[in-house]
Colleague: 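Below you'll find the structure I mean.
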Number of protein chains: 2
Amino acid sequence: MELSSRKRKILGLLVERYIKTAEPVSSGEIKSLYGEEISSATIRSELAALEELGYLVQPHVSAGRIPTEPAYKLYVENVLAGEKKEIRVAGVRDYLGKKIVEIEDVVRNTARVISDATNYTSVIVIKNTDDIRIREVKLVEVDAGRALVVIITDSGVIKDNIIEIPVNMGSGYVTAANDVINDLFAGKTLSEIKSQNADIDGEMAPYHDIFDKIINLLEEYASGRHDKVFVEGTSKMFHHPEFAEISTAREFITLLDEKEKLGELMTADDDIELSVRIGKPDGLNGNCSMVTARYSIGGAEIGKAGVIGPERMDYDKVVSVLHYIQKVFNGEAEPDEKEKKNGEIRKRK
Amino acid sequence: MELSSRKRKILGLLVERYIKTAEPVSSGEIKSLYGEEISSATIRSELAALEELGYLVQPHVSAGRIPTEPAYKLYVENVLAGEKKEIRVAGVRDYLGKKIVEIEDVVRNTARVISDATNYTSVIVIKNTDDIRIREVKLVEVDAGRALVVIITDSGVIKDNIIEIPVNMGSGYVTAANDVINDLFAGKTLSEIKSQNADIDGEMAPYHDIFDKIINLLEEYASGRHDKVFVEGTSKMFHHPEFAEISTAREFITLLDEKEKLGELMTADDDIELSVRIGKPDGLNGNCSMVTARYSIGGAEIGKAGVIGPERMDYDKVVSVLHYIQKVFNGEAEPDEKEKKNGEIRKRK
DNA sequence: TGTTAGCAGTCGAAAGGTTAGAGTGCTAAC
DNA sequence: GTTAGCACTCTAACCTTTCGACTGCTAACA
């Protein structure tokens, strides 16, 4: 059912007001925000109607009204449909332009910037790419027909695996295999190696079996890896009155503490470029909301960045900030004046 | 001034009791804990004396007493001097024995185990080892006399550095330099490379200058890196009544949020094997304590693991747990029965 | 039919008052 | 030096009262 335009206006004002003050909004307040001349009694009857429709509730009879979940949803629809506010977040490029880059630092800094700009807790998930890079492979014969495999990758070590090897292949077989295999794997990513697969027949044939087994190990390893979750600005929650109650704060911190669960929550709406989830995203008990954005560097999707905060969240601001960060990472945002000067160098990435 | 043995006993009982209940302890309670026959009036006069000496305070006149900082310090001295409780923490070896190991996972798991075993928030710092491993060095001539250097290390990329190169060295000079330099650096750690320094005269001489410049870049990079800080079990703080007040909780979370500061705090007492700091460790306002232990793997010091909690902390348990973890990492702890079975394989690390 | 002023009614938050009980310090006796 | 006894203090919990913020309703008006 469509709302009358006056109802929509009143509801919009009320939501915005409540986002700002966190206090129930009275008919009088709306009257003074309304612009045109209108009596509070008229507003009261509209409010009563909106309450009937489920958009508002009263904490108690002698209080103003506060928005419900559907009201926020309606509000966010408008925010997303309208022009995005032009927000420029200072400091993002400072570290992106730096000469020395550690990926973790970039992520941590970005999370911090988002948190500082929005004043909410920010979460970034780096999706587990299963393209691991192999540094070294070692084969050690332990007894006839069995060899120990140790694989050193960029992110860790795969050890203590025994594989079967062909017997009766002569004394130098394992050391030879070690060299061949290591040549095939070292410095490459798993997908690069797999695409070589076709080429390794011919003289490599005797090692084909071992090759396959190691690929299996790597794939098992890749599937067991999990996304990395970064949280910044946890203490920001205390800036918002909904977390003044210790029990609410506890629930919130507990969620942030369970990184795996949090990661799943973040990556749930994976097909949506910019997703807003309002109220109890499954597993979150307090009335919280999450806004998450996919982000990619140079076209490749890296993961998700987002914000978690109270249902009464400044969606407009949060959406704008996340949108801006997205653009910066995609290289779409125009640089600031002062940045233009040394743009030539900075563009190299 | 030495305390009489009765005073010491009473103070010890009171501290232990308070650690358990978090409530002011009355003379009557101590009477019932005391063992021998003694009247509460006698205890009261002893308590009054201990208060005079600064070991106790009363929240108000009709309440029992709670220990002060000096009282905890005295108590901890006894804990550290006495035999460490034999604590065995389940699950530590589970992941240490795993076939697939990512360093971050080990750290995160360890932190989680410490937190779960102690019921406090746990912090682990991995000290920045300045022994970076270089994966690849690229030299690209940009114009006469200048080349762009890109260094790829295990932990990140050093880019956008322009160095001066000798002119008039012929057309192939930079590409040749690129190969030589890359051979010298790739796959080695910074300290390994530096120890090669002497050997690179002779035919390498023309590249010596570039070599030095790259070493400089790497050293600058190494000095700019910082320790990695892992926090687990933040929500555990809510299990303790001192954090029921929102302001205390906020201070605590804020500290945990500032990772750099936290890292500094953790690594402050770096010469002490197992350090206990009680009450306001500089920068911590709430009355908190930290217990930290150095830990090493295979002799090499890796960093620090510790626990942060209220001043009223179960020091005995925390010290025992950290001590046990230390032993496990040093390979000193005896394996459990069931672990002995597949010990041969597990010992390889 | 929609809008408005006026007014009675409701409810929470703040302030003040009372009570019960826990624990002390002091005193006097042993 | 130790102890029983007792008066005293102070908090936490509970009640009561008051104040004022808003509302819903009613009746009048355009």
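Order of the sequence lines fixes the chain letters, A, B, ..., with proteins taken first and strands second; residue numbering starts at 1 for each chain.
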Colleague: Tell me the interatomic distance from A/R44, atom CZ, to D/dC22, atom P, rounded to whole angstroms.
Modeller: 11 Å
Colleague: Counting the atoms with a prime plus P, OP1 and OP2 as sugar-phosphate, which does B/S27 contact under 4.0 Å by heavy atoms, base, sugar-phosphate, or nothing?
Modeller: sugar-phosphate
Colleague: Kindly state which residues belonging to residues 238-247 of chain B come within less than 4.0 angstrom of DNA chain D, counting heavy atoms of the residue only, listed by number.
Modeller: none
Colleague: How many Å lie between CD1 on B/I38 and P on D/dA4, as a whole number?
Modeller: 11 Å
Colleague: Measure from CD on A/E52 to C1' on D/dT23 and round the result to the nearest Å.
Modeller: 16 Å
Colleague: Could you give the CD-to-P distance, from A/E23 to D/dC22, as a whole number of Å?
Modeller: 9 Å
Colleague: Look up atom CD1 in A/I30 and atom CG in A/L47, then write down how far apart they are to the nearest 0.5 Å.
Modeller: 5.0 Å
Colleague: Closest to the B/T42 side chain: C/dT4, D/dT3, D/dC10?
Modeller: D/dT3
Colleague: Do B/E69 and B/K73 meet the salt-bridge criterion of a basic N to acidic O distance under 4.0 Å?
Modeller: yes
Colleague: Tell me which nucleotide among D/dT3, D/dG24, C/dT3 gets nearest to the side chain of A/Q58.
Modeller: D/dG24
Colleague: Does this structure show an ion pair linking A/K236 with A/D116, if we count only N-O contacts that are shorter than 4.0 Å?
Modeller: yes
Colleague: Quick one: list whatever passes side chain to side chain contact (heavy atoms under 4.5 Å, CB included) with B/S247, sequence neighbours left out.
Modeller: B/E245
Colleague: Apply side-chain contact (heavy atoms from CB on, under 4.5 Å) to the pair A/V307 and A/M313, showing each step before the final yes or no.
Modeller: CA-CA 10 Å; A/V307 155; A/M313 189 191 274; 3.9 Å; yes
Colleague: Please tell me which of the listed nucleotides, D/dT2, D/dC22, C/dG23, lies nearest to the side chain of B/S26?
Modeller: C/dG23
Colleague: To the nearest angstrom, how far is B/I43 atom CD1 from D/dT2 atom P?
Modeller: 11 Å
Colleague: Under 3.5 Å, is there an N or O donor on one side and an acceptor on the other linking the side chain of A/S62 and the base of D/dC22?
Modeller: no
Colleague: Considering heavy-atom distances to DNA chain D, does B/S45 or B/V61 have its closest nucleotide positioned more toward the 5' end?
Modeller: B/S45
Colleague: If pairing requires Watson-Crick or G-U wobble contacts with both distances under 3.5 Å, which nucleotide is the partner of C/dC30?
Modeller: D/dG1
Colleague: Taking atom C1' of D/dC22 as reference, at what distance in whole Å does atom CD of A/E29 sit?
Modeller: 11 Å
Colleague: Report the relative orientation of the aromatic rings in B/F252 and B/F243; use parallel for angles under 30°, tilted for 30 to 60°, perpendicular for over 60°.
Modeller: tilted
Colleague: Return the value, rounded to whole Å, for the distance between atom CZ of A/R65 and atom C1' of D/dT23.
Modeller: 7 Å
Colleague: Starting the side chain at C-beta, find the nucleotide from C/dT4, D/dA4, D/dT23 nearest to B/A41.
Modeller: D/dA4
Colleague: In this structure, how many angstroms lie between the C1' atom of C/dT1 and the CZ atom of A/R6, rounded?
Modeller: 12 Å
Colleague: Quickly, which of B/K9, B/R6, B/K31 forms a salt bridge (Lys or Arg N to Asp or Glu O under 4.0 Å) with B/E36? Name it, please.
Modeller: B/K9
